[in-house]
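Structure first, then comments.
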Amino acid sequence: MKVLAAPYLFTRASGGKAVCLADAALALDGDRVVEAGPRGAVEARFGRAEPLDAVVLPALVNAHTHLELSRLAGCVPGGGGLAGWIGRLVRERAAAPEDPAAVEAAVASLSRHGVAAVGEVTNTLAALPALRRAGLAGTIFHEVFGLSEARIGAALAEAEAHRDAAPGLGPGLRIVPSPHAVYSTHPREVARLLAAGPASIHVAEDPAERAFVTRGEGPLAGLMAALGADEVRPSGRSPLACAAGLHAGNLAVHAVDLDDEDLELLRRAGATAVLCPRSNLHVGGRLPDLPRLLGAGLRLAVGTDSLPASPSLSPLGELAELARAFPGVPADRLLPLAWDGVCVGAPSVGRLGPGTAPGVLALPLGGARPADPAAWLLQAAAGGAELRWIARHRPEAAA
Ligand SMILES: [Zn+2]
């Protein structure tokens with residue numbers, strides 16, 4: 001048994017806020033949490049704690065990555081909106097061969113950024129072996145797109161063949177089929193895949209989606225012609241309204257361009273909105289309206305998106321960006337966005353639950369005693385401070 005005492009111990013999220021105990025202690029049996037609580041109570045049961053001058057916290061969740069695109073880090077300029085960015089990404093991706101070493105390096109960086117569970121979106125399943133070797137948990141969203149019957153039919157068949165040929169999954173990992181986006185995927189298949197179980201979809205990332213699904217216009221119209229938009233064009237009141245079948249097991253990724261009706265739709269569906277603010281800034285120069293999303297009572301999580309869109313795979317880096325952009329939102333309301341293991345099928349990740357091995361991190365304080373440890377943590381992480389693993393995540397079989 002190892003007993004550690006820390007000036008600040010984050011244990012979990014409760015009521016949308018990070019719970020932080022001052023002068024607290026943590027009892028560990030190997031990687032398993034036995035107890036986390038006030039120092040006096042933990043020491044009374046387990047004996048004197050070894051002091052650690054650090055902020056201690058549960059390991060993190062990165063709910064939206066595209067690890068197979070890691071070879072394109074820094075290669076796809078942004079700024080002009082989604083349609084232009086997708087066009088450049090597709091060209092660069094076709095020109096650069098697959099690079100397993102870049103995927104390995106990206107997975108290794110997830111560990112440095114304190115990540116124990118991911119929501120990985122993939123066309124090729126390329127990151128599966130690296131994720132398994134690294135002991136990461138979560139969900140691999142196997143993405144299909146195509147608007148015409150011929151395009152989506154071929155995509156679904158190809159994806160199924162890929163899954164049949166895939167190597168075995170590690171504990172704590174699962175693969176589920178997912179639609180790419182409402183603007184790129186046959187509406188019937190969007191509804192079917194979302195309703196079928198856990199699934200992820202990109203939605204409301206850019207105003208161009210609204211122009212396309214409401215009027216068939218805008219920069220996405222030209223791009224989607226290649227996917228069969230002349231045969232089948234998604235159409236609805238808004239992009240979010242086109243995501244029929246959305247439910248509590250789904251991830252709605254981006255959530256930048258939402259009107260009040262969309263917010264209510266998303267809240268009623270119970271889906272988790274996954275925010276990727278640094279990617280949004282890179283691609284389109286806009287951020288999700290965090291105070292409005294929090295005010296609407298939505299379930300929120302955070303993801304980094306791919307390395308061509310984001311400077312790193314650090315969930316705390318994303319939260320630091322939100323803290324910078326929305327100084328009125330307290331930092332202890334941001335941290336829970338990186339602790340939603342449930343939304344990626346890794347329920348033990350993101351809380352120091354007794355009997356579980358969620359992964360435990362420490363960030364050295366260097367003698368500092370900040371009044372707001374959550375804000376300090378985000379600032380330190382944004383400044384490149386490295387998280388240390390005190391205990392590793394031990395995934396259970398995925399639900
Ligand atoms: Zn994405």
Side-chain angles (χ1 to χ4, degrees), residues 2 4 10 12 26 28-34 36 56-70 99-122 124-142 163 166-176 198 200 251 274 301-304 306-307 312-317 338-363 381 386-399:
K2 185 160 73 173
L4 299 167
F10 286 98
R12 64 198 168 96
L26 173 67
L28 290 166
D29 178 11
D31 289 315
R32 211 162 45 84
V33 172
V34 180
V56 174
L57 64 152
L60 308 172
V61 177
N62 185 336
H64 189 69
T65 58
H66 296 260
L67 294 165
E68 70 205 21
L69 301 179
S70 298
D99 182 358
V103 174
E104 289 284 349
V107 169
S109 83
L110 282 171
S111 178
R112 284 199 305 282
H113 293 305
V115 174
V118 291
E120 159 70 356
V121 178
T122 176
T124 64
L125 304 178
L128 215 166
L131 288 170
R132 192 184 53 204
R133 274 195 298 278
L136 277 145
T139 303
I140 294 166
F141 298 103
H142 195 195
R163 284 196 295 279
L169 292 165
L173 282 172
R174 64 183 180 184
I175 305 183
V176 299
S200 172
L251 304 185
V274 180
V302 74
T304 56
S306 66
L307 282 175
S312 77
L313 300 179
S314 166
L316 294 185
W339 285 335
D340 189 348
V342 173
C343 81
V344 296
S348 72
V349 177
R351 54 198 302 274
L352 302 184
T356 68
V360 185
L361 305 169
L363 195 63
E386 248 182 55
L387 294 157
R388 279 177 39 211
W389 289 83
I390 293 180
R392 283 283 165 179
H393 173 228
R394 301 289 167 199
E396 304 129 74

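Position 1 is the first residue of the sequence; numbering continues from there.
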Those residues that, when tested against [X], pass side chain to side chain contact (heavy atoms under 4.5 Å, CB included) (two or more places apart):
X	answer
A166	L125, L128
D31	A357, A391, R392, R394
T124	E68, R93, E98, T122, A126
A381	L316

Are the side chain of [X] and the backbone N or O of [Y] linked by a donor-acceptor pair below 3.5 Å?
X	Y	value
R12	G353	no
S70	L67	yes
W389	A59	no
T139	R174	no

Which pairs with one or both residues in residues 338-348 pass salt bridge (charged side-chain N to carboxylate O under 4.0 Å, His left out), sequence neighbours excluded?
->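 Applying salt bridge (charged side-chain N to carboxylate O under 4.0 Å, His left out) to every pair that reaches into residues 338-348, excluding sequence neighbours, yields R299-D340.
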Can you list the steps and then say if V115 with L313 is a side-chain contact (heavy atoms from CB on, under 4.5 Å)?
-> CA-CA 9 Å; V115 174; L313 300 179; over 6 Å; no
Please enumerate all residues that pass side-chain hydrogen bond (donor to acceptor under 3.5 Å, both in side chains) together with [X], with sequence neighbours excluded.
X	result
R32	D29
S200	none
T304	N62
R133	E104

Sub-4.5 Å side-chain heavy-atom contact between [X] and [Y]:
X	Y	answer
P58	V349	no
H393	S348	yes
W339	L60	yes
P395	L173	no
L136	L110	yes
V176	F141	yes
V33	L28	yes

Can you see which heavy atom on [X] is nearest to which on [Y], and at what distance?
X	Y	value
G359	L352	O-CD2, 4.4 Å
V344	A117	CG2-CB, 4.0 Å
A36	L26	CB-CD1, 3.8 Å
A63	V274	CB-CG1, 3.9 Å
A106	S109	O-OG, 2.8 Å

Within 6.0 angstrom of R388 CZ, more than 12 heavy atoms from elsewhere |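 12 or below, so no.
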Rounded distance [0.5 Å steps], [atom1] in [X] versus [atom2] in [Y]:
X	Y	atom1	atom2	result
L387	R112	CG	CZ	11.5 Å
I175	I140	CD1	CD1	5.0 Å
L361	E386	CG	CD	11.5 Å

